[in-house]
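All chains are named by letter (A, B, ...) in the order of the sequence lines, taking the proteins before the strands, and each is independently numbered beginning at 1.
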Amino acid sequence: MANATAINAGMPVTRRRMTMKKFVRRKSTIAFVMALPLILLIALLVVYPALFSMYLATLNKSMEHFVGFGNFEFLFKRDTFWMVVKQSCIFAISAVFFKALIGFFVAHFVHAIPAKGQRKWRGMLLVPWVIPPAMSTLGWFWLFDPTYSAFNWIFVRIGIDPVNWLGDPMWARFSVILVNIWYGAPFFLIMYLAALKSVPEQLFEAASIDGANWWQKIWYITLPMMRNIISITVLFSLIVTFANFDIVRILTNGGPVDQTHVFATWAFNLGIQSSDIPLGASVSLFMLPILAIAAIFILRGVNQRGNEA
Amino acid sequence: MTTATATTGQTRPVRQASMQRSRRWALIWSYVFLVMFAVFFLMPPIYMFITSLKSSGEVAAITNPWWVFHPTLENYAALLGSSTFMTFFRNSAVVALIVVVVTMLISIPAAFALSRMKFWGSATLATGVFLTYLVPDTLLFIPMFKIFAFVHEYTGIELINHWWALIIIYPTLTVPFATWILIAYFASIPKELDEAALIDGAGYLQMLTMIFIPVALPGIIAATIFAFTVAWSQFLYPLAFTTSADQLVLPVGIVTTLIKGDVYNWGQIMTGALLGAAPPLIIYAFLMDYYIAGLTAGATKG
Amino acid sequence: MTSSKRFNRRRFLATTAAASAITLTPPFIRSARAAGALSVGFWDHWVPGANDTLTKICNEWAAKEKVDIKIDYITSQGNKNILTIVAEAQAKSGHDILQFPAWDASTHAKNLAPVDDVMNTAIKKNGSAPAVVEYLGKVDGHWIGVAATTGSQLKGPCGRIDLLKKYAGLDIVKMYPGAGGKPDTALQDQWTWEAFLAAAEKCHKGGNPFGLALGQTSDSVDWVGALFHAFGAQLVDAKGNITIKSDAVKQVLEYAQRLVKVLPPDVFAWDDASNNKYLISGQGSLIMNPPSAWAVAKRDNIKVAEQCWTFPSPKGVKGRYAPGQPYFWGTWKWSKNIPAAKSLLAHLSERASIERLVAASGGYDIPGFSGLRDFKTWAEEGPPKGTVYNYPPRADQIVSIAGAPAPVGIANQIYNQATMTKMIAKCTQGGESIDKAIGWGASELEGFMRV
């Protein structure tokens with residue numbers, strides 16, 4: 001508007017000065033000021049400590065000398081480290097896969113029942129996500145207890161051998177993944193349920209008329225329409241699951257012979273219990289670049305699809 | 001022609017009937033699976049509740065774990081009557097409420113700015129804001145010790161071992177996701193409202209408070225509940241930063257005072273865990289629809 | 001003036017906590033500490049009431065010395081105590097005195113003020129400190145921690161009198177009687193690790209196996225450390241050389257293979273509480289644990305408690321090693337009131353104070369001085385009376401800790417990473433050969449050599 005009046009008045013545009021007042025009134029300045037607390041929060045309390053941790057990861061054990069990538073070289077030579085990498089990947093990828101799968105299918109079931117019943121079921125099924133994970137993991141810990149497991153009590157009564165939930169390496173990994181799925185699936189459920197509701201009913205009816213069965217409907221209609229939300233939820237869950245600490249820590253603390261250790265718990269063990277903070281920081285940092293690259297790709301894909309829409 | 005209509009006339013009722021039958025089957029199967037999953041999801045809290053009604057003697061004796069033979073409220077009485085436990089509860093409540101307010105004060109303006117206005121880097125910030133979750137909390141708390149010590153040296157304010165340190169740290173966990181929810185929600189508000197307001201001469205602040213916040217209330221409530229739940233549930237940060245019994249919050253307080261050495265008091269622990277889970281659950285029960293609507297606003301964008 | 005302000009604030013907090021009102025105390029801006037203020041962080045004792053006795057002793061001292069004392073009890077749950085130590089070491093501020101579990105005093109030695117004066121006086125009065133206490137508490141010739149009474153424990157056998165007699169024909173009360181009884185030295189000589197294994201086999205056949213933890217927590221590591229010591233199996237020697245590829249290590253692993261066959265299969269997942277639960281439920285005939293399990297059994301399952309008896313570990317080729325876990329009290333170098341701190345530590349090392357602490361813990365705490373093994377508490381606690389009489393280490397017992405005598409930086413990791421129990425797990429549950437387990441152990445040890 002200022003432009004218009006200036007030109008109309010015959011004044012050259014270059015003579016328009018950027019006064020302080022105009023600067024403050026500018027849309028982008030106001031926007032910046034409004035976003036400033038967010039930017040400061042992230043810069044001071046996330047970015048700066050992260051950079052400091054990267055610095056810590058370059059020190060030697062007694063934190064007196066600079067060793068550059070020495071800590072990473074040391075880690076790459078240790079079998080336990082690669083085992084933790086493998087375990088973290090198995091844990092995160094399988095947990096996220098099943099969470100998404102369960103969330104996706106249960107969303108369909110909830111969607112299929114009459115609308116007024118949906119609210120009740122939705123409410124019940126979201127409960128695991130609302131309970132603080134430290135508390136619910138304690139409950140699971142009690143359910144898996146070697147002496148008092150309620151599951152084993154049932155198993156013994158129906159003739160199955162009691163399961164060594166937390167002591168056998170395979171079962172321990174299963175238990176940890178199970179609790180993570182239990183905790184996280186409801187989140188996927190409500191996200192996918194909402195996305196499902198926004199897929200137009202006519203598409204499904206048209207497909208039915210064409211003779212599509214339920215599997216084809218999902219593959220050709222539902223999944224493509226939900227690509228964005230699936231990408232975002234999977235990404236978010238991968239990031240958060242890779243960093244998971246509470247569940248493994250409370251259930252197995254790394255498990256029989258380190259076989260359920262994930263990055264966060266092993267880093268804690270090394271850094272705090274064995275007093276090797278730089279090494280702990282190195283372990284925590286390891287996944288960062290990999291996840292960051294995955295995140296950038298996925299988000300770019302989401303943005304592109306958003307622009308195409 | 002007539003044969004054609006005759007045949008279609010014949011097939012339609014048949015197809016409708018078979019479609020009805022298959023719909024009914026779908027419904028039955030849906031209920032079957034829903035019941036199965038409901039059992040899976042609800043079984044642990046129910047089991048925790050059953051255990052919380054047991055005395056420690058009954059817990060130690062290996063009777064039927066799925067049933068209480070001599071239900072007792074002694075665990076609840078012990079915890080609700082204990083001043084330490086009530087201190088934990090109070091600390092948790094105070095911290096969670098303040099964090100929610102702080103989160104909203106940061107997230108709402110930021111989401112408004114990022115969804116409606118442009119400045120250099122705003123697009124990256126909007127999509128990337130939740131990449132802050134990439135930095136795990138097991139990595140952050142050691143540098144935070146140093147930062148807090150630094151603050152202590154230069155201003156004399158003690159942060160370590162005080163609950164107000166948590167108010168500074170928790171927003172790093174709540175703000176990104178809350179902002180992200182709100183951006184999605186604000187973005188879904190039609191732009192005509194903005195223009196109408198601008199024409200009426202409203203400034204941006206007025207636009208935000210008079211129009212956006214009321215319209216986006218479900219999203220804001222959802223973000224509030226999310227922030228509250230996250231703040232209430234934290235375990236690692238309070239474990240690292242608070243020590244004295246009067247500074248602890250509930251999750252850490254339960255684990256550290258009810259589990260001593262190698263002595264577990266399962267009845268009380270389960271009671272404490274349920275009491276600790278109660279506030280988020282209650283809030284969720286009342287505000288469930290807002291919560292879900294707000295969380296899923298981004299989902300419907302597809 | 002500052003002390004009265006602090007006193008009022010403490011009272012203020014206490015009353016508001018009791019009233020459960022929602023009040024907010026403003027950020028506490030502290031000026032330089034007044035002389036005569038001390039902030040202490042002790043280990044949170046699990047025995048109900050034990051913390052109160054310690055508080056009382058400290059307050060008595062504080063009243064006498066006119067020091068304004070503030071005490072926190074820090075749990076070991078979730079490694080909270082270690083987290084606090086690390087936080088304060090990083091921040092170079094916090095409490096004046098902290099309680100350090102076994103390894104952490106030596107780990108943070110360079111931040112701790114030497115307490116030679118306090119320890120030497122205490123040793124003169126109370127008798128020498130066991131070698132393991134010196135190993136963990138003395139760095140470069142200086143004591144950097146005072147042997148703490150609370151928390152220091154032994155993880156020897158705690159067995160069921162009835163079951164051991166029934167299945168294994170072992171009369172542990174005759175072998176190690178209560179106060180006033182005549183110890184049967186012949187029987188004691190026969191109490192070797194082989195006899196232990198034989199008894200374990202018989203109890204396994206009888207349906208109540210021994211419950212020996214083989215997980216990664218201290219309950220597992222401690223007794224396995226004593227086993228290794230008894231066989232003379234050292235992973236790393238005192239000079240820091242890796243000596244894992246020795247016959248002694250092979251022998252102890254072979255022994256472990258035989259022993260594991262008669263243990264419950266889930267012992268590899270046991271944490272510190274599992275063996276307690278195993279004993280209290282009545283299933284276990286013997287566990288390696290301090291008397292905490294018996295104390296809880298007294299509350300939850302008195303029939304089991306009445307049959308519990310704590311007695312020394314078996315003897316091996318190299319001696320009778322008692323799995324110990326000493327704690328220390330240390331004061332940070334940057335504390336603003338080191339004289340007061342040392343005075344408090346000296347007071348806590350007085351025989352009278354120690355006796356009160358041991359009594360309050362029901363005999364669970366083991367003082368770090370060899371002259372203090374004869375307190376009434378151990379003789380009297382029951383039922384059954386004398387159940388903990390043989391708990392404190394006497395006569396031929398050598399208190400040690402898993403990982404000793406390696407240099408503390410390396411031994412610390414052997415302990416915390418549970419290398420010994422993991423090696424056992426690998427060649428039993430893991431199905432690997434002993435040589436492979438030893439090879440794995442060697443590569444772990446190489447990693448521990450990191451500086």
Where does B:T242 contact chain C at under 4.5 Å (heavy atoms): side chain, backbone, both or neither?
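Looking at B:T242, just its backbone touches chain C.
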
Point-to-point distance, once rounded to the nearest 0.5 Å, from [atom1] of [X] to [atom2] of [Y]:
X: C:I74; Y: B:N161; atom1: CD1; atom2: CG; value: 7.5 Å
X: C:H95; Y: B:S244; atom1: NE2; atom2: OG; value: 5.0 Å
X: B:F141; Y: C:Q90; atom1: CZ; atom2: CD; value: 10.0 Å
X: C:K80; Y: B:T243; atom1: NZ; atom2: OG1; value: 3.5 Å
X: B:F241; Y: C:T84; atom1: CZ; atom2: OG1; value: 11.5 Å

Among C:D300, C:I71, C:D72, C:N301, single out the residue with the greatest number of heavy-atom pairs under 4.5 Å to chain B.
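Option with the greatest count: C:D300.
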
Using heavy-atom distances under 4.5 Å, tell me whether C:Q283 contacts chain B through its side chain, its backbone, both, or neither.
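The side chain, not the backbone.
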
So for C:D271, is it side chain, backbone, both, or neither that comes closer than 4.5 Å to the heavy atoms of chain B?
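Just the side chain, heavy atoms under 4.5 Å.
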
Walk me through it: do C:K92 and B:F145 pass the test side chain to side chain contact (heavy atoms under 4.5 Å, CB included)?
CA-CA 10 Å; C:K92 299 227 180 338; B:F145 284 147; over 6 Å; no

Atom NZ of C:K333 with >12 non-hydrogen neighbours under 6.0 angstrom
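Above 12, so yes.
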
Within 6.0 angstrom of B:Y154 OH, more than 12 heavy atoms from elsewhere:
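No, because the 6.0 Å sphere around OH of B:Y154 holds 12 heavy atoms or fewer from other groups.
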
